[in-house]
**Q** 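Below is the structure I would like to discuss, written out as structure tokens.
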There are 2 protein chains.
Amino acid sequence: MTRKKEGLRERRRRETRQEIRAAALRLAGEHGFDKVTVEMITTEADVSHRTFFNYFSTKEAAVVQAPPKLPDEEVDAFAALGPAHPREILADLTALLLRDIAEQPPRRDEFHATFALAREHPPVLAAMLAGFGAFERYLAGIVATRTGQRAEDEAPRLIAALAMTALKTGMESWVAEDPKDENDSPMPYVERVMTLLRTLLGH
Amino acid sequence: MTRKKEGLRERRRRETRQEIRAAALRLAGEHGFDKVTVEMITTEADVSHRTFFNYFSTKEAAVVQAPPKLPDEEVDAFAALGPAHPREILADLTALLLRDIAEQPPRRDEFHATFALAREHPPVLAAMLAGFGAFERYLAGIVATRTGQRAEDEAPRLIAALAMTALKTGMESWVAEDPKDENDSPMPYVERVMTLLRTLLGH
DNA sequence: AGAAAACATGCACAGAGTGCAAGTATGGAA
DNA sequence: TTCCATACTTGCACTCTGTGCATGTTTTCT
């Protein structure tokens with residue numbers, strides 16, 4: 001129940017990871033992603049070439065957000081609701097996602113930097129979309145668990161895809177907007193897209 | 001109106017491209033994508049290392065389908081329909097896509113091979129999703145032209161995303177299925193997903 | 001305290017992708 | 001037909017990404 005005491009090792013690892021990320025984003029912002037070499041990043045972050053690839057499997061991975069891991073309790077609770085009308089499942093799923101966003105609000109500056117890079121550099125975009133894709137399949141698996149279907153079945157895949165569409169579109173609008181205040185959140189944007197989605201297709 | 005006489009040069013280029021693709025897919029099917037080097041492909045296709053990268057900017061690009069280019073007349077006709085209820089625009093857009101599929105039916109064997117590779121090799125999946133993403137932005141632009149909005153606005157992006165979701169989901173189901181007969185088409189699958197989408201969110 | 005596991009690092013290497021320059025084939029014009 | 005401009009192919013040399021392996025160091029657990 002309580003978060004396991006984070007050992008020194010884990011903390012260092014998290015810090016190092018964040019330092020590499022920050023260095024990569026800073027340098028990419030200055031010189032452009034393709035002008036930045038891994039060596040420059042490792043120098044800036046003060047780690048070895050080899051350590052960089054211990055944390056990130058590619059250069060792109062260092063500048064894109066890893067898809068969030070949803071808390072197990074939430075996922076279990078969702079799955080326990082059991083079969084229902086697809087519309088209701090989709091609503092529950094998006095609600096779950098929104099709750100997660102509310103609890104772990106993404107950093108706007110990092111997201112903005114990542115999206116800006118993705119717009120200009122296809123490899124970064126590819127890495128980002130791959131992350132979204134992996135997360136979408138993960139969601140499809142969760143939905144399938146709830147409905148007792150297989151993750152490869154059409155309905156779970158479609159529901160997950162719709163939830164991801166709302167999430168992606170909303171996030172995109174969020175980062176495109178000028179920051180209103182300091183502690184703004186993508187939540188209202190995603191919620192608005194969900195509404196738009198309903199009025200678009202819904203009755 | 002009539003297709004411009006295809007010069008020898010263009011034909012050779014198309015053939016070479018196809019030969020490289022075929023060689024890449026064949027070798028990747030045999031040894032696995034990551035065990036295949038560009039050199040192996042060039043040897044098999046009988047072109048130089050440098051020529052390979054003249055046709056494909058990355059090794060991944062050689063094994064994924066380039067997003068189709070929609071015929072200008074169709075696109076213009078679509079745009080000329082002018083603003084309408086989003087639901088109607090989405091219906092027109094998917095109809096346009098289905099018509100294009102019907103006219104240029106994708107080769108099942110190649111699609112199957114590509115999807116199989118994408119399932120096992122993240123870089124291939126990333127390249128494929130990047131292609132879909134580019135096509136989706138292209139569609140958003142078309143929708144924006146029709147409605148007089150900007151391609152970055154939320155409604156065009158969302159409509160394009162929904163159309164792509166239907167297309168992707170349908171295609172995925174299609175390739176997953178065992179080939180019923182020789183000349184089967186992904187069309188009915190995509191149509192079924194569209195219906196599912198309507199009953200899922202619709203009235 | 002000491003063993004075991006996790007981690008960082010350096011080294012060497014295969015392979016991807018690019019700029020450049022030279023050669024070859026094609027389309028078009030005279 | 002002849003000749004030129006252009007497009008395409010190729011080889012070469014090079015930078016950079018990403019990986020296997022061996023070694024040393026730090027943390028955790030008992």
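This is a predicted model, so every value here is computed, not measured. In the text below, chain A, chain B and the rest are named by the order of the sequence lines, each starting its count at 1.
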**Q** Can you find an N or O donor on one side and an acceptor on the other, under 3.5 Å apart, linking the side chain of R50(A) with the base of dG20(D)?
**A**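 Donor-acceptor pair under 3.5 Å: yes.
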
**Q** Please figure out whether E39(B) or R12(B) has its closest DNA chain C nucleotide nearer the 5' end.
**A**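 Mapping each residue to its closest nucleotide by heavy atoms, the 5'-most match is E39(B).
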
**Q** Rounded to whole Å, how long is the line connecting atom CZ of R11(A) with atom C1' of dC7(C)?
**A**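 Rounding to the nearest Å, CZ of R11(A) and C1' of dC7(C) are 16 Å apart.
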
**Q** Looking only at side-chain atoms of F53(B), point me to the closest of dG17(C), dT17(D), dT9(C).
**A**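 The closest nucleotide is dG17(C).
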
**Q** Between H49(B) and R9(B), name the one whose nearest nucleotide on DNA chain D is closer to the 5' end.
**A**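 This one resolves to R9(B).
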
**Q** Ring of F33(B), cation from K59(B) - is the NZ or CZ under 6.0 Å from the centre and inside 45° of the axis?
**A**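 Judged by the rule, K59(B) and F33(B) form a cation-pi pair.
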
**Q** Rounded to the nearest angstrom, tell me the gap between atom CD in E60(A) and atom C1' in dG18(D).
**A**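 So the two atoms are 11 Å apart, to the nearest Å.
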
**Q** Whole-Å distance between dA8(C) P and E19(A) CD?
**A**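 The answer, rounded to whole Å, is 12 Å.
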
**Q** When the distance from CD of E15(B) to P of dT26(C) is rounded to whole Å, what number comes out?
**A**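 Spelled out: CD on E15(B) to P on dT26(C) is 12 Å.
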
**Q** Rounded to whole Å, please give me the gap between CE in M40(A) and P in dT15(D).
**A**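 It works out to 16 Å between those atoms.
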
**Q** Just N and O in the side chain of S48(A): are any of them under 4.0 Å from OP1 or OP2 of dT9(C)?
**A**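 Looking at the OP1 and OP2 atoms of dT9(C), one of them is under 4.0 Å from a side-chain N or O of S48(A).
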
**Q** Would you say the ring centers of F135(B) and Y138(B) fall short of 6.0 Å from each other?
**A**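 Yes, they do, as the ring centres are separated by less than 6.0 Å.
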
**Q** Using a cut-off of less than 4.0 Å, is there contact between a side-chain N or O of T37(A) and OP1 or OP2 of dC16(D)?
**A**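 Looking at the OP1 and OP2 atoms of dC16(D), neither is under 4.0 Å from any side-chain N or O of T37(A).
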
**Q** Main chain of V193(B), side chain of R198(B): is a donor-acceptor contact present, judged purely on distance under 3.5 Å?
**A**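 Flag not set: sc R198(B) to bb V193(B) has no pair under 3.5 Å.
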
**Q** Measure from NZ or CZ of R13(A) to the centre of the six-membered ring of Y55(A), then state whether that distance is under 6.0 Å and the direction lies within 45° of the axis.
**A**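 Because its charged atom sits under 6.0 Å from the ring centre and within 45° of the axis, R13(A) does stack over Y55(A).
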
**Q** What nucleotide among dT9(D), dA8(C), dG17(C) has an atom nearest to a side-chain atom of Y55(B)?
**A**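 So the nucleotide nearest the side chain must be dT9(D).
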
**Q** Nearest whole angstrom, please: distance from the P of dC12(D) to the CZ of F52(B).
**A**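 In whole Å, dC12(D) P lies 20 Å from F52(B) CZ.
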
**Q** Give the rounded distance in Å between these two atoms: CG of D34(A) and C1' of dT17(D).
**A**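 That distance rounds to 14 Å.
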
**Q** Of the candidate nucleotides dT9(C), dT17(D), dG17(C), which contains the atom at the shortest distance from the side chain of V38(A)?
**A**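 Given the options dT9(C), dT17(D), dG17(C), the side chain of V38(A) is closest to dT17(D).
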
**Q** I need the CG-C1' distance between N54(A) and dG18(D), as an integer number of Å.
**A**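 One finds 12 Å between C1' of dG18(D) and CG of N54(A), rounded.
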
**Q** Does D34(B) have more than 12 heavy atoms from other residues, nucleotides or ligands lying within 6.0 Å of its CG?
**A**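 Counting other residues, nucleotides and ligands, CG of D34(B) exceeds 12 neighbours.
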
**Q** Identify, between F56(A) and V47(B), the residue whose nearest nucleotide on DNA chain D lies closer to the 5' end.
**A**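 The answer here is V47(B).
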
